[in-house]
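See below for the structure under consideration.
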Protein chains: 2
Amino acid sequence: MTETPIRASKHAPIFVTVDLVIFTVRQDVLQVLLIERGNEPYFGLPALPGGYVRDGETLDQAALRELSEETGVDGRQLHLEQLRAYSEPERDPRGRIITVAYLALGPDLPHPVAGTDARAAHWTPVASVLDRVSLAFDHSDILCDALERARSQLEYTTVAAAFCNEPFTVGDLRQIYEVVWGVPLDPSNFRRKVTHAEGFLVPTGERRYPDIGRPATLYRRGPARLLVPPLLRSGEAAHASLCL
Amino acid sequence: MTETPIRASKHAPIFVTVDLVIFTVRQDVLQVLLIERGNEPYFGLPALPGGYVRDGETLDQAALRELSEETGVDGRQLHLEQLRAYSEPERDPRGRIITVAYLALGPDLPHPVAGTDARAAHWTPVASVLDRVSLAFDHSDILCDALERARSQLEYTTVAAAFCNEPFTVGDLRQIYEVVWGVPLDPSNFRRKVTHAEGFLVPTGERRYPDIGRPATLYRRGPARLLVPPLLRSGEAAHASLCL
DNA sequence: TCAAAAGTGTTCTACTTACACCCATGC
DNA sequence: GCATGGGTGTAAGTAGAACACTTTTGA
């Protein structure tokens, strides 16, 4: 905030976009929603969904709008949080565009609906993207940051439940942790931790009968958003996260 | 990122600023650098230092530039990190301005030099600001978020050392934690934790002789940026942080 | 009765906390 | 000597890891 008038020349207006890293767990794998670019620059390359912020819109609103446009899902059901702004002057060859990245977490979503602009959208395993695929713009960097954020959010918050369709079992929830962190967890210790954390899980009273094995009690998300005590990755898990 | 051309009408350009929450510990109190606004809007009210992002500048560079303009200090010596973007359309009456807030931590700095624009700059105790003073724009919100970020950063990282002029003693460092968290800490347990954390403290071999009492060994910051194991606020400290 | 997954209990270890106590210095 | 922080040691309590074990179902 300076006293300089808004139209002063050296303070150039900047175009602002939001880009979304939408994670879900499908078929026991962490997946991210990517679109295929239909125009230059980076024509044909995969990219994160996103778009320009409109007049009168907050960044959160823009992210919600893009989210529902891309996935057809009401974003209010998903976990959505701001990651950070990316501002390298050369990050977009079209000109000065700053983007604010958002992290969205949701349960296995209906289908990767092609967006309103008829761009192809695909769920893509995160591991394969990090390994082999290079994304448009600086979206590979953003994806990395989002992945690390998601992993650490699982430690300190109850967002893992946002990956599960309700009602869910402790086993469902544990699978989320295992897939996102990329390490196996001890079922009995995991159960103790999540059931002892106040406000994390609320039993529905119902049970789910699997094809085989003992039925599991079903839960919904509790009111708690912070996970106390936190569920920390061990040194091994923290290290495994570096690669995937 | 959409394929829409950059000059399309509904994608309005937006002015982007950076605002800085610069914390230091002076006279046993956590203080924040505030400027007094010299123009409308909010003429005369205290505000966070900041300014417009210029052409060809990253947000980090803009923040560094503002930091050195406001404090006269080479920002490379300070800890500087992006907090988040604030984007309420009505947050600035002059028009559509999004700001990206930065958190800066530094040792007791030379003087609160009036910036290049000759605005008055003052170190102000954070507690008194939260209690009684309302800041321009949404800067009170930003200050709250920054304070909570700083407090939690002390748990998981070694940034507390950024508040100390080198070389410093374990007592100096403990005082930082006590002032920022607002709780007293056990000196002996604190010492054990920070000296056992790999790469946090490097002894200089020198000692400091206080006016009275046993001399203390002096340290510099080690290479570690993550603090393992973390130095967690107890339930009491975490609760105390809510108010201040 | 067997396989499979849910769920319980127990031991061992590591870490935190609280606090007693010693050390080195200026006065 | 004594006051004042610096610094070490230690016992009690707590939380996590590892793993043995029991339960409940379908086939």
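Residue numbers begin at 1 in each chain, while the letters A, B, ... track the order of the sequences.
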How long is the line joining [atom1] of [X] and [atom2] of [N], in whole Å?
X        : N      : atom1 : atom2 : result
B:Arg208 : C:dC23 : CZ    : C1'   : 19 Å
A:Ile212 : D:dT25 : CD1   : P     : 14 Å
B:Arg191 : D:dG5  : CZ    : P     : 15 Å
A:Leu185 : D:dC19 : CG    : P     : 15 Å
A:His196 : D:dA17 : NE2   : P     : 14 Å
B:Asp186 : C:dT17 : CG    : C1'   : 8 Å
B:Phe190 : D:dG7  : CZ    : C1'   : 14 Å

*Measure from NZ or CZ of A:Arg192 to the centre of the six-membered ring of A:Phe190 and say whether it is under 6.0 Å with the direction within 45° of the ring axis.*
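No cation-pi geometry.
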Taking the minimum atom-to-atom distance to the side chain of [X], which one of [options] wins?
X        : options               : value
A:Asn189 : D:dA18, D:dT4, D:dG7  : D:dA18
B:Pro215 : D:dG26, C:dT25, C:dA6 : C:dT25
A:Arg214 : D:dG6, C:dT16, C:dA5  : C:dA5
A:Arg192 : C:dT25, C:dT10, C:dA4 : C:dT10

*Does CD belonging to A:Glu198 count more than 12 external heavy atoms closer than 6.0 Å?*
no
*So, for B:Tyr219 and B:Phe168, is the gap between ring centers shorter than 6.0 Å?*
no
*Electrostatic pair A:Glu155:A:Arg233 at N-O distance under 4.0 angstrom*: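 A salt bridge links A:Glu155 with A:Arg233.
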*Side-chain N or O of B:Arg174 less than 4.0 angstrom from OP1 or OP2 on D:dG5?*
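Checking B:Arg174 against D:dG5: no side-chain N or O falls below 4.0 Å of OP1 or OP2.
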*Quick one: is D:dG7 close enough that its OP1 or OP2 comes under 4.0 Å of any side-chain N or O from B:Thr217?*
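Yes.
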_Nearest heavy atom decides the nucleotide; on that basis, is A:Lys193 or B:Ser188 closer to the 5' end of DNA chain D?_
B:Ser188
